There are 2 protein chains.
Amino acid sequence: MNISEAAKLSGLSVKTVRYYADIKMVEPARNIQSGYRSYTNDDVAKLNFIGKARRFNFSIEECRELLSLYQDENRSSKEVKKLTLAKIASIDEKLKEFHSLRDELSHLVNCCNGDDRPSCPILDELSK
Amino acid sequence: MNISEAAKLSGLSVKTVRYYADIKMVEPARNIQSGYRSYTNDDVAKLNFIGKARRFNFSIEECRELLSLYQDENRSSKEVKKLTLAKIASIDEKLKEFHSLRDELSHLVNCCNGDDRPSCPILDELSK
DNA sequence: CTTTACATTCCAGTCACTGGAGACTTTATA
DNA sequence: TATAAAGTCTCCAGTGACTGGAATGTAAAG
C-alpha cells in the first residue's frame, strides 16, 4: 500500500511515517517504477507499535530498542520491564516537579488580589 | 560588569545570558572599546526575574510579557494573575496526562514477569 | 612579552517532527 | 485523449530554548 494508506491505518501523519523511514525505523520497499514507498501489513504493525510507544512517552531511541525487542524471538521480558521501569521513574520525576510547581504557583495566585492596582505578590516573588 | 559576572549573579550560564541578549530580552550596553556587553544591576535583576519565571515553567514569550508587566508602573495585578492561572491550567493538563501514563505503564509492569522468557504483556499491549 | 582568562561572532546540533516549494506519478473527470 | 486533481517524491527551513565548538579578539596577570 502507499504511504497515505499506511499513515491512515497506523494513525500517524504521512509526514511522520516518511520521517520514520528517513531515520531508518520503518523502511518500506519501493515501487521501482514510481519510486513510491510501498508498505506491507507488517510495516503498518511496526508503525502502530511505535505510535503507541510514543504515546507512552518513550523516546525515538527507546522505541528503536523496544521495536528490536518486539521483533526478537529470543528476547527476555526482563529487558522490556527494565526499560519500562526506567520510563516510569522518569515520569515520576516530572510529576514531582510539576506538582511542586503547581503548588507554588497556586499559592502565589491565592495571595494576589487580581485587581486593577499594580501591587502583585506574583511579580514580587519573581523578582526576589 | 561583564557577562560572566552577570551570569554568576543571576544563576544563568553565560551562553544563556548572551542568548537573552540576542533575542532582545535583556539587552545590555556595550563597551565601545572592546565591544564587551556591559551589565548593570538592573539588567541582573531582569535576568534573575526571567530565570525564576523560566523555572516556574513560563515560556520565553510569557517571560517577555511578565517582564513588561514587571516594568510597567501602571500594570494591574489582574493581568499577572490571568497569565499565572493559565500557566497553572496548562500544568494541570500535563499532570493529568503524566498521571494516566504512569498508571498505564505501572499496570503493564505489574503484569510482566520480567524473567528470561520472551512472553511479555508490555510488548503485547504496544502491538495491539 | 607571553600566557591565560575572558569575550566576541557565527555555525551547527539537540528532539521529533511539521510546513512548504518544486517536480514527478497516478487517478479521475471532461 | 487531454487535462486537472490528488498523491508522492526530495530537499530545505523552522520549531523552543538553549548548548557546544571554532576562530578570533581583548584584558589582566606574571
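Note that the structure is predicted; figures quoted are calculated from it, not measured. Letters A, B, ... are given to chains in the order of the sequence lines, protein chains preceding strands, and every chain is numbered from 1.
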**Prompt:** Counting any heavy atom closer than 4.0 Å, what does I3(B) reach on the DNA or RNA strands: base, sugar-phosphate only, or nothing?
**Reply:** sugar-phosphate
**Asked** Touch check for Y20(B), heavy atoms < 4.0 angstrom, all strands: base, sugar-phosphate only, or nothing?
**Response** sugar-phosphate
**Request:** Taking only the side-chain heavy atoms of R30(A) (C-beta and beyond), determine which of dA7(C), dT19(D), dC9(D) contains the nearest atom.
**Result:** dC9(D)
**Request:** From the options dG20(D), dG7(D), dA16(C), select the nucleotide whose nearest atom is closest to the side chain of K15(B).
**Result:** dG20(D)
**Asked** Rounded to the Å, how far apart are Y36(A) OH and dT27(C) C1'?
**Response** 10 Å
**Message:** By the 4.0 Å heavy-atom rule, please label R18(B) as base, sugar-phosphate, or nothing.
**Reply:** base
**Asked** Are the charged groups of K52(B) and E125(A) less than 4.0 angstrom apart, N to O?
**Response** yes
**Polar contact flag, side-chain donor to acceptor under 3.5 angstrom, D115(A)-S77(B)** = yes
**Request:** Looking only at side-chain atoms of Y19(B), point me to the closest of dA16(C), dA17(D), dC9(D).
**Result:** dA17(D)
**Length of the line joining R64(B):CZ and dA17(D):P, which is rounded to integer Å** = 10 Å
**Asked** Over how many whole Å does the gap from N57(B) atom CG to dC18(D) atom P extend?
**Response** 12 Å
**Complete:** The residue, Q33(A) or T16(A), whose nearest nucleotide of DNA chain C is more 5′ is T16(A)
**Asked** Just how far, in rounded Å, is P of dG16(D) from CZ of R54(B)?
**Response** 11 Å
**Item:** Among dT19(D), dT25(C), dA16(C), the nucleotide that comes nearest once only the side chain of S34(A) is considered
**Value:** dT25(C)
**Item:** Distance in angstrom units between D22(A) CG and dA13(D) P, rounded
**Value:** 16 Å
**Message:** If we count only N and O atoms by modelled type, under 3.5 Å, do the side chains of D43(A) and T40(A) hold a donor and an acceptor together?
**Reply:** yes
**Message:** If only side-chain N and O atoms count, and only distance matters, is there a donor-acceptor pair under 3.5 Å linking E93(A) with S90(A)?
**Reply:** no
